[in-house]
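Because only heavy atoms are used, hydrogens play no part in the values below, and waters and symmetry mates are left out as well, while side chains stay in. What you see is a predicted model; the values in this text were computed from it and never measured. Every chain is numbered from 1 and lettered A, B, ... according to where its sequence line falls, protein lines coming before strand lines.
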Amino acid sequence: MPELPEVETVRRQLEPAIVGRCIEAAEVLDERWTQPMPPSEVERALAGRTIRGVGRRGKYLILSLDDGSALVMHLRMTGNLLLCLSERDGQAPLGSMELGADDGPQLERAVSEPRHVRARMRLDDGSELLFADVRRFGQGLVLRGRELEGYLAARLGLEPLSEALTAQEIARLAAGRRAPLKSFLLDQIGIAGIGNIYADEALHRAKLHPLSPAGSLKPGDCERLRAGIVAALEAGLRMGGASVDDYRDARGGRGTMQDEFLVHTREGKPCLRCGTEITRVVVAGRSTYFCPSCQRRLRRPRRKARRRIGAR
DNA sequence: CTTTTTCCCTGGACGC
DNA sequence: TGCGTCCAGGGAAAAA
């Protein structure tokens, strides 16, 4: 599932390759992709535009265009943004290679034509930017500058790898909230970009229980959570993201973060810190993995018993 | 207001 | 081999 590290990995790959390129033509193959916008409107808005920048906000990838508008994309569960180089630039034609016994894993992309392509953009250097998505949850919208700001601001909170994320800010966001820490981290309006994988990994690093109420965090807990979030996301970035199921980077390659998971998907396996078996529970409808020994549950802060003033 | 649940969607895993 | 059922989960919307 693409989260901040996966989207940022794609962004870093695309930036040097497509900035300055003109989108000669855009084709939306699945009308769901642009909902609630009509596909034709998005196609028209993209055709002829030059890409000025490749940005990211939370899990959104943003192509800034030369007329002040932007293509805002979200990969959701199974989306992939693939940059396919033109064939005459040396890449073997798709489908022309056979699998050999000792072929590396990255050969996979040369063998198979991307499936479930929902949108395609032809660039002026002959390359193609494809949005492929099995489950069709992914989205692509074109917004004007002002609309873009509002759109993002209404959905996203702090950027966790910026100066904005401090222990004090976490404390402010969590104050008074009874929702489990796991839900707190998944809520994009608080801290943006964290999904199911990195929430588990961050909480383990911070030695916090996923079911502890967010409002139970003390200053020291907030600082450990901040550090845990940063460490988990940076580990993901170093590994080029986690390819648990469908995630591939812009070149069709896999990330390796899944080999470094401390707790996620490791139910029944020993905690790498203390050896205790990793436990799985469902929180907010999501599989949640943690070490019951390292990650102690905090008690819900009892609301101050306010004595009624003036009571006889 | 906050929190939880439901829904969207498809392919792969599993049981018979 | 084939068919039915269940599951995964980001985020929006509905329900509690």
Side-chain donor/acceptor of A/Arg21 to backbone N/O of A/Ala17, under 3.5 Å: no
I'd like to know if the side chain of A/Glu223 reaches the main chain of A/Gln168, judged simply by a donor and an acceptor atom lying under 3.5 Å from each other, with no hydrogens or angles considered.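 Judged by distance alone, no pair lies under 3.5 Å.
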Polar contact flag, side-chain donor to acceptor under 3.5 angstrom, [X]-[Y]:
X	Y	answer
A/Ser212	A/Arg297	no
A/Thr9	A/Asp249	no
A/Glu6	A/Tyr198	yes

Expressed in angstrom and rounded to an integer, what is the separation of [X] atom [atom1] from [N] atom [atom2]?
X	N	atom1	atom2	result
A/Ile194	C/dG10	CD1	P	12 Å
A/Asn80	B/dT10	CG	P	17 Å
A/Asp187	C/dG11	CG	P	10 Å
A/Asn196	C/dG10	CG	P	5 Å
A/Gln35	B/dC8	CD	P	12 Å
A/Leu75	C/dA8	CG	C1'	17 Å
A/Glu267	C/dA8	CD	C1'	14 Å
A/His74	C/dG11	NE2	P	4 Å

Output field: ring centroids A/His209/A/Phe290 closer than 6.0 Å: yes
Expected rows: protein N/O vs nucleotides 12-14 of chain C N/O, under 3.5 Å:
| from | atom 1 | to | atom 2 | distance (Å) |
| --- | --- | --- | --- | --- |
| C/dA12 | OP1 | A/Arg155 | NE | 3.0 |

Among A/Arg122, A/Met121, A/Arg120, side chain to side chain contact (heavy atoms under 4.5 Å, CB included) partner for A/Glu27: A/Arg120
Looking at C/dG10, I'd like to know if its phosphate oxygens (OP1 or OP2) sit under 4.0 Å from a side-chain N or O belonging to A/Gln188. no
Could you tell me whether [X] and [Y] have a side-chain N and a carboxylate O separated by less than 4.0 Å?
X	Y	answer
A/Arg11	A/Glu15	yes
A/Arg144	A/Glu147	no
A/Arg135	A/Asp245	no
A/Asp66	A/Arg49	yes
A/Glu159	A/Arg56	yes

Under 3.5 Å, N/O pairs linking protein and nucleotides 2-4 of chain B:
| from | atom 1 | to | atom 2 | distance (Å) |
| --- | --- | --- | --- | --- |
| B/dT3 | OP1 | A/Arg178 | N | 2.5 |
| B/dT3 | OP1 | A/Ala179 | N | 3.1 |
| B/dT3 | OP2 | A/Arg177 | NE | 3.0 |
| B/dT3 | OP2 | A/Arg177 | NH2 | 3.3 |

May I ask you to say what [X] touches in the nucleic acid, namely base, sugar-phosphate or nothing, with a heavy-atom cut-off under 4.0 Å?
X	value
A/Met77	base
A/Thr78	nothing
A/Arg118	nothing

Of the options B/dC8, C/dG9, C/dG11, whose atoms approach the side-chain atoms of A/Arg32 most closely?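 Out of B/dC8, C/dG9, C/dG11, the nucleotide with an atom closest to A/Arg32's side chain is B/dC8.
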Pull out every residue in residues 132-144 of chain A that has a heavy atom closer than 4.0 Å to any atom of DNA chain B, ordered by number, or say none.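 Heavy-atom contacts with DNA chain B come from A/Val134, A/Arg135, A/Arg136, A/Phe137.
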